[in-house]
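This report concerns only the one structure given below.
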Number of protein chains: 2
Amino acid sequence: MTIGEIAKLAGVAKSTVSRYLNGGSVGERTKIKIERVIKETGYVPNTFARSLKAKKTNIIGTIVPRLNSYATSQTLIGIDEQLREQNYQLLISNTSQDIKREIESIYTLANQKIAGIILLATRLTDEHFEAFQKIDVPVLLVGQQDPRCYSLIHNDEEAGYELGRYIIGQGHRKIAYLGVTEEDIAVGVKRKLGFKKAISHESDCEVTYFETSFNLKEAIKKFPEIYVTYKPSIIVCATDNIALGVLKAAQMEGLHVPEDLSITGFGGYEVTEITHPSITTAKFNYKEAGVLAAKNIVKLVNNEEIEKITVSNFDMIIRESVDKLN
Amino acid sequence: MTIGEIAKLAGVAKSTVSRYLNGGSVGERTKIKIERVIKETGYVPNTFARSLKAKKTNIIGTIVPRLNSYATSQTLIGIDEQLREQNYQLLISNTSQDIKREIESIYTLANQKIAGIILLATRLTDEHFEAFQKIDVPVLLVGQQDPRCYSLIHNDEEAGYELGRYIIGQGHRKIAYLGVTEEDIAVGVKRKLGFKKAISHESDCEVTYFETSFNLKEAIKKFPEIYVTYKPSIIVCATDNIALGVLKAAQMEGLHVPEDLSITGFGGYEVTEITHPSITTAKFNYKEAGVLAAKNIVKLVNNEEIEKITVSNFDMIIRESVDKLN
DNA sequence: CTGAAAGCGCTTACAG
DNA sequence: CTGAAAGCGCTTACAG
């Protein structure tokens, strides 16, 4: 089925059918004729021909560092849902945490004439910004921010602050903060920053900062060093994954959480609810963030104005892993 | 940059450049000229024009019921990796467990002239097969099988059998099997079937079969009914998710796993390793299955022969959640 | 091995 | 409101 055949069957010109399809001005009677033929034949326009001419598509490319992460999948679900609603299509490009492939993807997507790019960002390099500039496609960063880009971020700093206030309120005064590299602004810097602010009000509070990777198993290995040498009443972990590792390590040591040691995370991953004890965490609403991201990129694609930075919120989820001290 | 400009710069005809691009016969000297110009200009062919003419793409569409599942993401990672290697592109279509959207996706993908479809199947209906027949695109089922289709399945029955033998070997004789609907052939029927075979050798073995959904929280709710009324020494759960729910429920009741109650799952989800106790399970190799699926669909696309059914294997992962009874 | 020409299915000025 | 024609960037017989 081509537009030509439809035209013939409806007794009009191809251009008229095209106009009908694209909401141009078509007479009432012609409209009805065309409508009928299209319905009868089940005609669907050829996307390639369309894109070839229009030189753009209604596809939004989303670059993700990894597929097997709660944050990623929830965000993608939100993006997908919203994009579908606005008649855009989602194309997912997975880079397996390879920063080179991330850069490549930017160019490849641009080359495929996708309408816009959403980048679930981790670490941003100069090459990223060079790519953004070279391609003529709107880009939205998710999870990290930079003055050179539009971005949607989670409220990491505020989350760090509230979580800090909460554990202070529970009486904790000897704290281990298990963070990640400061190369990751959102997770490594912002969360810690907020947390520091929260405890800066207390004079009798002792905090030692440790660092690990995002890897759960590495957190398990790191545990003895923190616990044995420092003996904190609580370990504040920069991600739920790390918290999960610490919990596992503590339990392998025969410790009772939270009686012997309290633990908190950040993220709100589903599993934190079903561990025993369940983990107190600052939950980011990834799916909603995905919806916002989709709305924003579509606006950018259509040259509408948006804020340089959109902030998606979080909820403190109080559960069982933090002990109330006297 | 178009092929025309390249042709002009290289002093040859468009058709020659096209031939060069597609590996046709081109003289050595012409080849060098074209090569240089392409390198200098950074020319990349327009995908749409290409697909418009060739009437097909190198895109493999993968339809998934949900994005936020371990099995899905691992499978996708495997598919993506392999497809990339063979110069195909992956397009993911998420249906949010809506069977209507699943059918729609089949048609939509076909309409987009994708080369082949991989369907991570759950429940298969007549409409599915009708769609497969109507579209002229090769389809590969993953996770379920049907005589009307090529498929790649996990060795569910064998996994059920081995797991059954294992717990028998550990001395369990009063068993609760917590399964799912038989509408799901792989999970609901095959795993149970294998399990039944395993225990059929024992004369002194008592098994009661229960049913729940795939939902973790529902498994939690279901727990009292099973435990209180039947008091098994072990609950064999048809999925890791269900096992996770049962574990959580047992721990909320103050039970010790495995001393008071043993638990097993199927799947090999990452979390089963970090719960306390870690869960004994039959681990399917989802990523490898994804790789196999990608290889198979590419073969189908290229009209190569493949087996009607490919079976991806599993490993029994013995961990802490099963007690050894005297 | 190489080139001129037709055509893939659509959209978009341009006339009328 | 409607139609004829050109053109988007490529590929593919067909000649040579």
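Labels below follow one simple rule: chain letters A, B, ... track the order of the sequence lines, proteins then strands, and each chain is numbered from 1.
In this model, the phosphate group of D/dC10 is not approached by any side-chain N or O of B/Tyr20 to a distance below 4.0 Å at OP1 or OP2. Look at A/Thr16 and you'll find a side-chain N or O under 4.0 angstrom from OP1 or OP2 of D/dG3.
No donor-acceptor pair under 3.5 Å is formed between the side chain of B/Gln97 and the backbone N or O of B/Pro65. Here the side chain of A/Thr72 pairs a donor or acceptor atom with the backbone of A/Arg66 at under 3.5 angstrom.
Salt bridge status for A/Glu35 with A/Lys31: absent, with no side-chain N to carboxylate O gap under 4.0 Å. Salt bridge annotation for B/Arg148-B/Asp146: present, with a cationic side-chain nitrogen under 4.0 angstrom from a carboxylate oxygen.
Between B/Tyr286 and A/Asn68 the shortest side-chain heavy-atom distance does not fall below 4.5 Å. Contact check for A/Asn94 versus B/Leu90: no side-chain heavy atoms found under the 4.5 Å cut-off. Residues B/Leu124 and B/Leu119 form a side-chain contact, since some pair of their non-hydrogen atoms from C-beta on lies under 4.5 Å apart. Using a 4.5 Å cut-off on side-chain heavy atoms (C-beta onward), B/Thr310 and B/Tyr150 make no contact.
Here C/dG3 presents its C1' atom at 13 Å from CD1 of B/Ile3, a figure rounded to the nearest Å. The distance between atom CZ of A/Phe48 and atom C1' of C/dC10, rounded to the nearest whole Å, is 13 Å. We find that CG of A/Asn46 is positioned 13 Å from C1' of D/dC10, with the value rounded to whole Å. To the nearest angstrom, C1' of D/dG9 lies 12 Å from CG of B/Leu21. Summarising the geometry, the separation between NZ on B/Lys8 and C1' on C/dT2 is reported as 18 Å, rounded to the nearest angstrom.
Each of A/Asn22 and B/Val26 has a nearest nucleotide on DNA chain C; the 5'-most of these lies closest to B/Val26.
B/Ile153 contributes atom CD1, which lies 7.0 Å from atom CG of B/Asn155 (distance to the nearest 0.5 angstrom).
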Parsed dot-bracket for DNA chain D after applying the Watson-Crick and G-U rules with both distances under 3.5 Å and | for other-strand partners is |||.||||||||.|||
Could you pull out the protein-nucleic contacts involving nucleotides 6-8 of chain C (nitrogen or oxygen on both sides, under 3.5 Å)?
from	atom 1	to	atom 2	distance (Å)
C/dC8	O3'	B/Lys55	NZ	3.3

Check: protein-nucleotides 13-16 of chain C nitrogen or oxygen pairs below 3.5 Å:
none

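Side-chain N/O atoms of B/Gln144 and B/Asp184 include a donor and acceptor closer than 3.5 Å.
Listed by first and then second residue, the salt bridge (Lys or Arg N to Asp or Glu O under 4.0 Å) pairs involving residues 123-134 of chain A are A/Arg123-A/Glu183, A/Glu130-A/Lys134 (not counting sequence neighbours).
B/Glu85 pairs by the salt bridge (charged side-chain N to carboxylate O under 4.0 Å, His left out) definition with nothing, not counting sequence neighbours.
Each of A/Glu40, A/Lys14, A/Met1 was evaluated against A/Ile6; a single residue qualifies, A/Met1, per the side-chain contact (heavy atoms from CB on, under 4.5 Å) test.
Taking every heavy atom of residues 27-41 of chain A and every atom of DNA chain D, pairs under 4.0 Å involve A/Gly27, A/Thr30, by number.
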